[in-house]
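A quick note: this is a predicted structure, and the numbers were derived from the prediction, not measured.
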Amino acid sequence: MKRQLTFSERLKRLKRIIVREPLPPESIAAGWALGMFIGCSVPFGLQLVIALPLAAMMRVSKLGVTLGTFITNPVSIVFIYPAQCWIGSRLLRSPFTWDYLLDVCAKLTEVRLFAPDTWGVLAQLGGKVLFSFFFGGFLLAAVMTPPTYFIIKAFVVSHRRRKEQRLANRTPETEAR
């Protein structure tokens, strides 16, 4: 039976996967940033349907775009969706109460992609909720996307630079050991 990886071991494995992608650092970072943007602004369930074709067209990291969309996942949407609806409603000058938003989010979690009742549930929420959701989502995306790009790019460049230095510092004596 395989041993369960610890959280830190999983992070190290993810780091190795990110930096070993055979793409320029800018393409890797752009994939992550695109995934973050879509993860923040597009409803859960439609994200990969939109993100992967865009990543292919833009020739950016498909792994990065996939993992970037995971900012919204079954655990995090409980926090992110109400916050973005609340922020969106405030910016649109028609604020919601937290109780109302929690009720709306409970309805959203019941929506199943391509099920006959999906559009009915979304229609019941009304335009005010949907506008608030998307407006807050785009604001969140605008805030989260640039740091994601620059952090991932710096991470990849730094790792690759350290790797090049290690390879350059190798001497025939150290390789014989």
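- Using a 4.5 Å cut-off between side-chain heavy atoms of Ile, Leu, Val, Met, Phe, Trp and Tyr, with links allowed through other members, Met144 and Phe134 fall into the same hydrophobic cluster.
- Between Met36 atom CE and Thr148 atom OG1 the span is 3.5 Å, to the nearest 0.5 Å.
- Between Thr145 and Ala33, the shortest heavy-atom contact is CG2-O, 3.5 Å.
- Within the model, atoms CG of Leu130 and SG of Cys85 stand 8.5 Å from one another, a figure rounded to the nearest 0.5 Å.
- When every heavy atom of Phe133 is checked against every heavy atom of Pro43, the shortest pair comes out as CE2-CG, 3.7 Å.
- Within the structure, side chain to side chain donor-acceptor pair (under 3.5 Å) pairs that include any residue of residues 53-68 comprise Glu21-Ser61 (at least two apart or interchain).
- Residues Arg16 and His159 form no side-chain contact, since every pair of their non-hydrogen atoms from C-beta on lies 4.5 Å or further apart.
- At a threshold of 4.5 Å between non-hydrogen side-chain atoms, the residues Lys163 and Arg166 count as touching.
- Atom CD1 of Ile87 sits about 10.5 Å away from atom CD1 of Ile80, to the nearest 0.5 Å.
- The side-chain heavy atoms of Trp32 and Ile151, taken from C-beta on, include no pair separated by under 4.5 Å.
- Under a hydrophobic clustering in which Ile, Leu, Val, Met, Phe, Trp and Tyr are joined whenever their side-chain heavy atoms come within less than 4.5 Å, directly or via other members, Val65 and Met58 fall into the same cluster.
- Taking both residues in full, the closest heavy atoms of Ala141 and Pro146 are given as O-CD, 4.3 Å, listed atom of the first, atom of the second, then distance.
- Annotation: side chain of Leu67 is in contact with side chain of Leu14 (closest heavy-atom distance under 4.5 Å).
- Atom CZ of Arg10 is separated from atom CD of Gln4 by 5.0 Å, given to the nearest 0.5 angstrom.
- Taking the side chain as every heavy atom from C-beta outward, Gln84 and Phe138 never approach each other to under 4.5 Å.
- Note on Ile28: it clusters hydrophobically with Phe70, by side-chain heavy-atom contacts below 4.5 Å among ILVMFWY residues.
- Ala29 approaches Ile152 most closely through the heavy-atom pair CA-CG2, 3.8 Å.
- Leu54 and Leu46 fall within a single hydrophobic cluster, where Ile, Leu, Val, Met, Phe, Trp and Tyr are joined by side-chain heavy atoms under 4.5 Å apart, directly or via other members.
- Residue Val60 comes nearest to Ala30 through the heavy atom pair CG1-CB, 3.6 Å, listed as atom of the first residue, atom of the second, then distance.
- Atom CZ of Arg90 has more than 12 neighbouring heavy atoms from other residues, nucleotides or ligands inside a 6.0 Å radius.
- A donor-acceptor pair is defined here as one N or O able to donate and one able to accept, closer than 3.5 Å; no such pair exists between the side chain of Ser158 and the backbone of Phe155.
- Distance NZ/Lys153 to OG/Ser27: 10.5 Å, rounded to 0.5 Å.
- Under the 4.5 Å side-chain heavy-atom criterion for ILVMFWY residues, a single connected hydrophobic cluster contains both Ile38 and Leu52.
- Separation of atoms SG (Cys40) and OH (Tyr81) is listed at 9.5 Å; rounding is to 0.5 Å.
- Among all heavy-atom pairs drawn from Gly39 and Gln47, the shortest one is O-NE2, 3.1 Å.
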